[in-house]
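Note on naming: letters A, B, ... go to the chains in the order of the sequence lines (proteins, then strands), and numbering restarts at 1 for each one.
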Amino acid sequence: FLTCAYFVFLFRYLISYLFSCPCLRSFVNYEVKEDVAVIRMNDPNSKVNTLSVQMQTEMTEVFNEVLANNAVQSAVLISSKPGCFIAGADINMIQACKTAEEVTKLSQEGQKMFERIENSPKPIVAAINGSCLGGGLEFAIACQYRVATKSKKTVLGTPEVMLGLLPGAGGTQRLPKMVGIPGAFDMMLTGKNIRADKAKKMGLVHQLVDPLGPGLKSPEERTIEYLEEVAIQCAKDIVNKKIALTRKKGLMQKAQDYVLGIEFVRQQIYKTVTGKVMKMSKGLYPAPLKIIETVKAGLEQGPDSGYLAEAQNFGKLAMTSESNALIGLYHGQVACKKNRFGVPERPVKNLAILGAGLMGAGIAQVTVDKGINTILKDTMVDGLSRGQQQVYKGFNDKTKKKTITSFERDSILSSLTGQLDYKGFEKVDMVIEAVFEDLNIKHKVIKEVEAVISPHCIFATNTSALPIKDIAAASKRPEKVIGMHYFSPVDKMQLLEIITTDKTSKDTTASAVAVGLKQGKVIIVVGDGPGFYTTRCLAPMLAEAVRVLQEGVDPKKLDALTTGFGFPVGAATLADEVGIDVAAHVAEDLGKAFGSRFGGGNVEVLKTMVEKGFKGRKSGKGCYVYTPGLKSKDVNPDLEDLLEKYKLAANPSVSSDSDVQFRLVSRFVNEAVMCLQEGILNGPVEGDIGAVFGLGFPPCLGGPFRFVDTFGADKLVEKMRRFEHVYGNQFTPCQLLLDHAKDSNKRFQN
Amino acid sequence: MASMLMNPLRSFLFTFVFPLTLSVSVSPVQTKSKKTLAKPGVKNIVLVDGVRTPFLTSGTTYADLMPHDLARAALQGLLHRTSLPKDAVDYVIYGTVIQEVKTSNVAREASLGAGFSDKIPCHTVTMACISSNVAMTTAGMIAAGQCDAIVAGGVEFMSDVPIRHSRKMRKTMLALNRAKTLGQRLSLIGSIRMAHLTPELPAVAEFSTAETMGHSADRLAAAFGVSRLEQDEFALRSHTLAKQAQDSGLLSDVISFKVPGRDMVSKDNGIRPSSMEQLAKLKPAFIKPHGTVTAANSSFLTDGASAVLIMSEEKALAMGYKPKAYLRDFVYVSQDPKDQLLLGPTYGTPKVLERAGLTMNDIDVFEFHEAFAGQIMANLKAMDSDWFAQTYMGRKTKVGTPPMEKFNLWGGSLSLGHPFGATGCRLVTTVAHRLQKEGGQYGLVAACAAGGQLSMKVKQAYP
């Protein structure tokens, strides 16, 4: 459900700017083949098609002509772009609207257009190759018949929910009829991409076409041509009644329809789904609830109410701060998927990873399937074997899920070499070390490696807090040293924080970003300093969390307060996931670097926990006790005794639930703003992306900077002053935040 | 390498996807005065003769046999045809695809059963549809001076294939073997669930891509824009030519075989010239509903075996044989098993011609393995395309297509049948016979096989 929504923004809405001559149609055209009109879409200004104003206008024109043309019996709708049918509506078109009413009107226009398509007397076959998302999917399901290529690029879905919106052009009304109520909710509430074969099983498409290999034309070109040929035949067959549009329902389908025909059952479904949504979203995201409401309106009160509810709710949602935040994240993510440092001088073809621990193996896993020969080196056979198994498992799980074949798995793994020595390092273009976080060890490693690598090789260090310049101090060639801070688990977490020192060369940075992008990461490039950006923001929040625990709030309550604010993982659970030892280490290091400002909870609490072996999830005990195989977890009973020892008296004036939440969040946010002030951050966009994708800052708030804008810097400062009064300089707002508080026109994001 | 049931009534189809091809050049003896392809210092290798059992649609008269029975019949036929003394052979090699586990070295079992001396070593090879091509090219042992006379052959028996217990069940059964106490045994037996009982059929799909060969052929045909009509026409041509060849007694490599408990078999039974209307009625067999490959324009599941006698020229002459052809050169190529699975002939033909120093025009007889009509047509189109040659083969110009009046004139795998392992020898023997009959000089054999491979051979007619 929504948990992944903030990680997985896979869909590609792109912006289309319209500079075209009004007399000639440049987006949509058609030709008549025998009695079938083949309507081709191709946005000349973008890699993808979007339902922009111009696209819609031209589509309407073409549709009118097709309807009026007596030589035409049926039509095929197809995109000329390989890899994209229609990627969705034009987001800018929605964002340009000032009021809910304007957006509602947009939605109604879309509804009307698709209603005409749906009621077209001439059958229309949608021929889908590539992404068919959002408005594109709504267009396709308004057509009478759908043929899709079985290509990996062909995905169908309604990702609107991830932008805090709902499918606003009839999707909420048509989908339940097409794939059933549960299937429709699953699609619309998760926004997940559905591959063509699954779509066929669900009843979303009628027929599949295989992608073709080399022939007399390029495979992409010929595949589209072949899709068109098949779709034309379908269109003809519909006209001559060889294909019946009413499909025979299977027994299961009939049974399901019968059950869903009972109002009581439907009510139960709404209730269950709403319950699930509330549980996952804590009520912080309005879109899923509106989707349920809209579907319900259509099913219970008829299509008129349904379509009206859809348009109105679409308008309302477009005006919410949540939608604004999510769309901001989407744009930010697109921006962080670009390499602003240019093309590196030489591409990384051979890469070595030092340390086959969780991190090292995770990095290997996301690297080896990108056509990069990867060496995974460890010092111990046991560690290496564990790491190799982790990589194998990663790909084997994909095989089990059938996203790759066992052959592809084996072929990918053939590029991975596990070893204990430095054999072959002379050919390596980049080394990423992921050894233990200890400056002496890192120095030893850097010296060892520099003795065997060639001069062009980049040395990247994966550390969460050690300043890169301190590590680079041991290097003979600091311009080739860079920090690459991955987040655990590497194959799931999208963020990569790249840290440059003032000596790191631009080409080294470009190369690191290029590798990160290949690995599928969203990348922020930040300046060097203790904790860089992400760790530095997290540390004060965790320090505050420890203080909250010391003040007698139990871990479950602490978790509830943080998740209630929108964090996907509670503070106590997060500490366990990160590792209490790591947290203690970081707290101590950063405490030394930043002094009392990073105080709060007593570091001794964490240290004692580590001494007792409560290192978090990895050791089975931390704030919680973890039993393998069990999902539920109980609070570690020994922790209570320990906290009792370090108990602090809570000050009731700053201990309400809301105050505790703001104590945690304001320290995070203040530190983020300070990073911008100090130039660690390149800009607020990277700050928001880093916080959300790396640390789980509430996506509905869009990141710390957008949060300051939306919430109001002045109000935040006011709260902080109150906390400052009780706790001191840990809550002193930084200068930049104060500037924003003074001038309400100052905003981080527009 | 693909074969499919041609009988439309039969509802199951096996396809074995192997992209391999082989081309052989055979040269007949000085009928036309063209250059000899003899290489200095290398022994001339000759085809003395070749035979095969009738190729039967699987599940018919051979149904109760075992693979080595068929191979044995081919070997005995060869002995009979050539009056070869049973100890005059140095080595026996067989090719097969689906192995019967009881006779995994089927060459040895068949050779012993056919009465060959037990002093003759035998081995079995596999390379999908060109397995017997590999068996024949192992005759390179003659050139290397290892042997002077070799029997090579191929056998495939699709009427019975090894169907296994599920992996779970096998694991339990093996554990049962090792169990020491009654309690252990009972608990193992108790662990058997319904799921354990699901049998495991031999793979119908290419292992690396999980795609069946018929499916791949259909995509290939689509990629090259081969229409259903073109495929049906080619299939009809194959059946018609095969029928003519059969009726006029040209298929002299076929031996009669008295099947134990059944009748004497002396003809292939898959040849069915039909009409275009009949062919057009069939539904696509793999890609539904818009595919173009049907049961009728694909090769069908076949039982059959073949054998050839290969010798050094001196040995053959010393034994008083008049060889039928020289085996001159061969090449194996392989490509992407997904999208170019069946394109071997296109890649292999120019290579083998180059090696032999010949051009397309020099070849008088072409025998290409017909896995699917669509596959043949796609290859012909690829060979005729400059774009394909430039984009995928690194050539400046197209390969060029073999003229149809020299191409598979006595039918092909589509009509005669395609016992995977046995087809290679049939192609080579047919080229030799056609060179003799038609008075040609050079022949070319090409076959594609699963895994994206191909073997090509050039043969020169024996003067």
Side-chain angles (χ1 to χ4, degrees), chain A residues 76 125 127 129 145-152 196-197 200 205-238 242-244 247 398-414, chain B residues 17 19 203 205-212 214-228 283-284 286-293 335-343 346-347 374-375 377-394 398 451-452:
Chain A
V76 165
V125 176
N129 179 46
Y145 202 79
R146 282 161 296 285
V147 186
T149 59
K150 230 188 285 175
S151 147
K152 276 187 179 170
D197 43 357
K200 168 97 188 321
V205 301
H206 298 84
Q207 201 170 311
L208 295 180
V209 170
D210 287 281
L212 301 178
L216 299 178
K217 289 178 182 171
S218 82
E220 293 77 25
E221 200 184 334
R222 177 62 194 144
T223 298
I224 294 182
E225 214 178 75
Y226 180 49
L227 171 67
E228 186 180 305
E229 288 165 15
V230 173
I232 289 177
Q233 193 53 48
C234 288
K236 287 183 185 166
D237 287 350
I238 294 170
K242 272 194 204 155
I243 293 179
R247 272 189 303 169
K398 285 190 185 174
T399 305
K400 282 187 191 156
K401 279 191 218 146
K402 299 198 173 156
T403 45
I404 58 171
T405 64
S406 61
F407 173 75
E408 284 167 320
R409 175 198 66 202
D410 298 346
S411 158
I412 289 167
L413 288 171
S414 70
Chain B
V17 191
E206 186 84 342
F207 181 74
S208 60
T209 60
E211 185 181 28
T212 65
H215 199 275
S216 188
D218 206 321
R219 286 198 306 115
L220 184 73
F224 284 93
V226 179
S227 70
R228 166 76 181 268
K283 292 210 166 122
F286 298 97
I287 296 186
K288 294 162 188 169
H290 55 268
T292 51
V293 172
Q335 314 81 231
D336 167 22
K338 171 87 184 165
D339 289 328
Q340 305 202 8
L341 186 72
L342 301 163
L343 279 181
T346 304
Y347 285 91
Q375 164 258 332
M377 298 311 292
N379 272 287
L380 294 180
K381 293 199 179 204
M383 291 165 108
D384 197 30
S385 161
D386 283 327
W387 187 85
F388 186 86
Q390 286 154 6
T391 314
Y392 294 103
M393 299 176 68
K398 63 188 179 191

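Of the listed residues (B:Ser385, B:Ser208, B:Ala378, B:Ala382), the one with the most heavy-atom contacts under 4.5 Å to chain A is B:Ser208. Interface remark: of the candidates B:Gly291, B:Ala210, B:Pro289, B:Pro289 forms the most heavy-atom pairs closer than 4.5 Å to chain A. Ranking A:Leu208, A:Leu216, A:Val230 against chain B, the residue ahead of the rest is A:Leu216, based on heavy-atom pairs under 4.5 Å.
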* To do: Evaluate side chain to side chain contact (heavy atoms under 4.5 Å, CB included) for B:Asp339 paired with A:Leu212, printing each intermediate quantity in order.
  => CA-CA 7 Å; B:Asp339 289 328; A:Leu212 301 178; over 6 Å; no
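In this structure, the portion of A:Ser406 lying under 4.5 Å from any heavy atom of chain B is its side chain and not its backbone. Contacts between A:Lys150 and chain B at a heavy-atom distance below 4.5 Å involve the side chain alone, from C-beta outward. In this structure, no portion of A:Glu225 lies under 4.5 Å from any heavy atom of chain B. When heavy atoms are compared at a cutoff of 4.5 Å, B:Tyr392 approaches chain A solely by way of its side chain, counted from C-beta outward.
Side-chain contact between B:Thr209 and A:Thr405: absent, with no pair of heavy atoms (C-beta onward) separated by less than 4.5 Å. A 4.5 Å side-chain heavy-atom check between B:Phe388 and A:Lys217 finds every atom pair outside the cut-off. A 4.5 Å side-chain heavy-atom check between A:Gln233 and B:His290 finds every atom pair outside the cut-off.
Annotation for B:Phe207 and A:Phe407: closest pair O-CB, 4.4 Å, computed over non-hydrogen atoms. The shortest heavy-atom contact between B:Ala223 and A:Pro214 is CB-O, 3.8 Å.
A side-chain donor-acceptor contact under 3.5 Å links B:Arg219 to the backbone of A:Pro211.
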